[in-house]
Amino acid sequence: MLPLDQQLGIIKRGATAIIEERDLIEKLKRGTPLRVKLGVDPTGADLHLGFSVVLRKLRQFQDLGHHAVLIIGSYTAQLGDPSGRNAARPMLSEDQVMAFAAHYLDQAAVILDRSRLEVRPNGEWFSKMSFMDVIRLLAKTTVARTLEREDFSTRAAGGTPIYLHEMVYPLMQGYDSVAVNADIELGGTDQTFNLMVGRDLQREAGQEPQVCITMPILEGLDGVRKMSKSFGNYVGFAEPPAEMFGKLMSISDDLMWKYYELLTDLPLEEIAALRRGVAAGSHHPMRVKKDLAKRIISFYHSPAAAAEAETAFERVFSNREAPEEMPAVALASLPMKAAEGELDVIALLTGAKLAPSASEARRLVQQGGVSIDDVKVTALRIRMPAVSSFVLRAGKRRFARIVTGNREPS
RNA sequence: GGGGAGGUACCGAAGUGGUCAAACGGGGCAGACUGUAAAUCUGUUGGCUAUGCCUUCGAAGGUUCGAACCCUUCCCUCCCCA
């Protein structure tokens, strides 16, 4: 194992809080592998960079020689974690959760070393508890304490409902720590309360309390709200390189430093140097952001794919050309409502899936957001170009190649 | 159990019989400007076989020439009291 201070350096990178750091040092000093717990509630969603922050931290512990324990919330996911929520989540069935869990593990394996991972569904212990056991667990905390949490107090103040089962959630998560005898638990800062409950329950159970390490919540592409599928501001693990590149380039300059710290392994000193360079004007922020995108894409795909994505990006956005690859749609397959020799632009846009509805397509045209072979479309019916295929573009980044079936004029 | 308030489009929030597909703000989308950054400005934001038609204002009925608005029943939430 690495010397203590080196381990600490890696562990502390990006972390918002370590409760308590001296406890952590004590545990590390023993030189034996620590049990590092991360609880996840699979909901069926595809993993995105927001999830990767805490998964990467867990991986770092694996690489340091510690023992990673991934708790699958087969029971807790059914309740839905109220953390950071302003409304209750729909409840899921255990079967659903376990099906989602398989999907989750497949994706998480991109980051974690699956061969050294202990996976435990928390139904393993919760299914064996009697109602009386549950009551005893409930007796470990008070309503006032639970209500102190910001998400609950906001809801209480705003008049939105808080259900009893939501209030049980932190106790369940805390009990997981007792069940697996965790030395350390990882989580987002929004998990702080839940993590702390684990310490209390362990202490009561005669265990040494876990160290809680909280990681920042990663802002999504908008730079404001947390990265989340429902906000549409995310980058998924499985997205194509070009898509990732484009999305990452759209983050704000300020945000990119946080992405560097939490999503790459570039040493902090080097990140700081880049930052100074941008501030001093010796580095162009776009260049630095492109490197960020390439680093991330190299991890999820490959360095070659990252380089390709960059080229494609420059082609489309810097040189304003059409991308090399885009979905091809046969004109004949579209329900055109145009006279002979004319194109029905609305049918074109909806048929090629560049617009969700005819009304939306009409709006796009009216606002000047549609072009055919780089010529802005100004009418809903236009003359059929005498080419074998043309590029249809909607907005900045939606493209399709329309194959007309015409012969290329000689 | 008693009393009060309320459920409106993606979200927040006006509207309380016709001029309401529904003000305003946020978000989204598009355009301008750019480094597809941020900021800013402008436009737009239910659907369709489109000078009209259809669906939408918690659900179902009803009154009316006409209902998001009035009545009835039901479902849901919040607050106060017990």
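Everything quoted here is computed from the prediction, not taken from an experiment.
In this structure, A/Gln366 atom CD and B/rC29 atom P are separated by 19 Å, rounded to whole Å. Rounded to whole Å, atom P of B/rC78 lies 13 Å from atom CZ of A/Phe152. Here B/rG28 presents its P atom at 9 Å from CG of A/Asn233, a figure rounded to the nearest Å. Atom-to-atom, CZ of A/Arg393 to C1' of B/rG31 comes out at 13 Å; the value is rounded to the nearest Å. Separating the CG atom of A/Asp222 from the C1' atom of B/rC10 is a distance of 15 Å, rounded to the nearest angstrom. The CZ atom of A/Arg398 sits 14 Å away from the P atom of B/rG28 (whole-angstrom rounding).
Classified by interplanar angle (parallel below 30°, tilted 30° to 60°, perpendicular above 60°), the ring pair A/Tyr104/A/Phe51 is perpendicular.
Between A/Ser250 and the phosphate of B/rU36, there is no side-chain N or O to OP1/OP2 separation shorter than 4.0 Å. Under 4.0 angstrom from either OP1 or OP2 of B/rG47 there lies at least one side-chain N or O belonging to A/Arg363. The shortest distance between the side-chain N/O atoms of A/Ser359 and the OP1/OP2 oxygens of B/rC48 is below 4.0 Å.
Among pairs with a residue in residues 39-54 of chain A, those fulfilling salt bridge (Lys or Arg N to Asp or Glu O under 4.0 Å) read A/Asp46-A/Lys229, at least two apart in sequence or across chains.
A donor N or O paired with an acceptor N or O is found under 3.5 Å between the base of B/rG43 and the side-chain atoms of A/Gln367. Between the base of B/rG35 and the side chain of A/Asp253 there is a donor-acceptor pair shorter than 3.5 Å.
Taking every side-chain heavy atom of A/Met286 into account, B/rU36 is the closest of B/rA30, B/rG27, B/rU36. Set against B/rC78, B/rG47, B/rC29, the side chain of A/Leu364 has B/rC29 as its closest nucleotide. Closest to the side chain of A/Lys396, out of B/rG35, B/rC48, B/rG31, is B/rG31.
Partner assigned to B/rC78 is B/rG4, using Watson-Crick or G-U wobble distances below 3.5 angstrom. The pairing partner recorded for B/rA23 is none, the criterion being a Watson-Crick or G-U wobble arrangement whose two distances lie under 3.5 angstrom. Judged by Watson-Crick or G-U wobble contacts below 3.5 Å, the nucleotide B/rC41 has B/rG31 as its partner.
Ion pairing of A/Arg199 with A/Asp23 is present here, as a side-chain N (NZ or NE/NH1/NH2) and a carboxylate O approach within less than 4.0 Å.
When atom types are taken as modelled, the side chain of A/Glu342 and the backbone of A/Arg383 share no donor-acceptor pair closer than 3.5 angstrom. Between the side chain of A/Arg56 and the backbone N or O of A/Leu262 there is at least one donor-acceptor pair closer than 3.5 Å.
At a threshold of 4.0 angstrom between heavy atoms, the contacts of A/Gly246 include nucleobase atoms, whether or not backbone atoms are also involved.
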